[in-house]
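Reviewing the structure listed below.
Everything numeric here is computed off the predicted structure, so don't read it as measured data.
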Amino acid sequence: MYDQTRAQQPAGQNRTTAERRTPGPEPLLPSAQREQVLQRLRHALNTFADTPHDALAEAESAYDEATAQLVSALAARRELLRAGWAEQDSAADAAEPADLTSQSDELRHALRQYREITQRLLQL
């Protein structure tokens with residue numbers, strides 16, 4: 001079957017959508033938790049015409065649940081990051097020069113993770 005969109009692309013750019021996608025950061029919340037909150041929000045939207053006050057209360061509750069889950073997930077992520085570099089910091093005192101290079105790389109990786117999660121928060 002003729003695909004006009006693909007035919008109009010320059011040579012070498014006939015990639016599928018999956019091939020063009022780059023893997024993004026992992027979601028802060030597991031998909032089951034996200035889906036549960038979204039389901040509650042959809043329910044609130046669908047029942048608004050019949051029971052507007054109840055729908056708003058349910059939407060507010062879904063919002064509160066989502067923010068609480070995000071705060072919890074961010075705190076857990078922070079603890080993991082801190083534990084990783086805090087161990088490196090205490091081991092640096094007795095380390096050999098070759099080990100310091102490796103530790104520096106691990107600390108750099110932790111810094112990148114902090115940067116990524118902070119930038120994601122600022123884009124919300």
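Put simply, the side chain of L122 does not reach to within 4.5 Å of the side chain of Q119, judged on heavy atoms. For the pair D54 and T47, the minimum side-chain heavy-atom distance is 4.5 Å or more. L74 is listed as a side-chain neighbour of L121, based on a closest heavy-atom distance under 4.5 Å.
The salt bridge (Lys or Arg N to Asp or Glu O under 4.0 Å) check on D105 picks up R108, with sequence neighbours excluded.
Between R120 and E116 there is a salt bridge, since at least one side-chain N of the basic residue sits less than 4.0 Å from a carboxylate O of the acidic one.
Within 6.0 Å of CD on Q39 lie no more than 12 heavy atoms contributed by other residues, nucleotides or ligands. In this structure, Y63 places its OH atom where only 12 or fewer heavy-atom neighbours from other residues, nucleotides or ligands lie under 6.0 Å away.
Using modelled atom types, one side-chain atom of T67 and one backbone atom of D64 make a donor-acceptor pair closer than 3.5 Å.
If you chain together hydrophobic residues whose side chains sit under 4.5 Å apart, I117 and L70 fall into the same group. Using a 4.5 Å cut-off between side-chain heavy atoms of Ile, Leu, Val, Met, Phe, Trp and Tyr, with links allowed through other members, L80 and L107 fall into different hydrophobic clusters.
To the nearest 0.5 Å, atoms NE2 (H109) and CG (L81) are separated by 8.0 Å.
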Donor-acceptor pairs under 3.5 Å, side chain of residues 55-62 to any protein atom, not counting sequence neighbours: which ones?
from : atom 1 : to  : atom 2 : distance (Å)
E58  : OE1    : H43 : ND1    : 2.7
E58  : OE2    : H43 : ND1    : 3.2
S61  : OG     : R40 : NH2    : 2.4

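Sequence neighbours left out, the pairs with a member in residues 69-78 that pass side chain to side chain donor-acceptor pair (under 3.5 Å) are E26-R77, E65-Q69.
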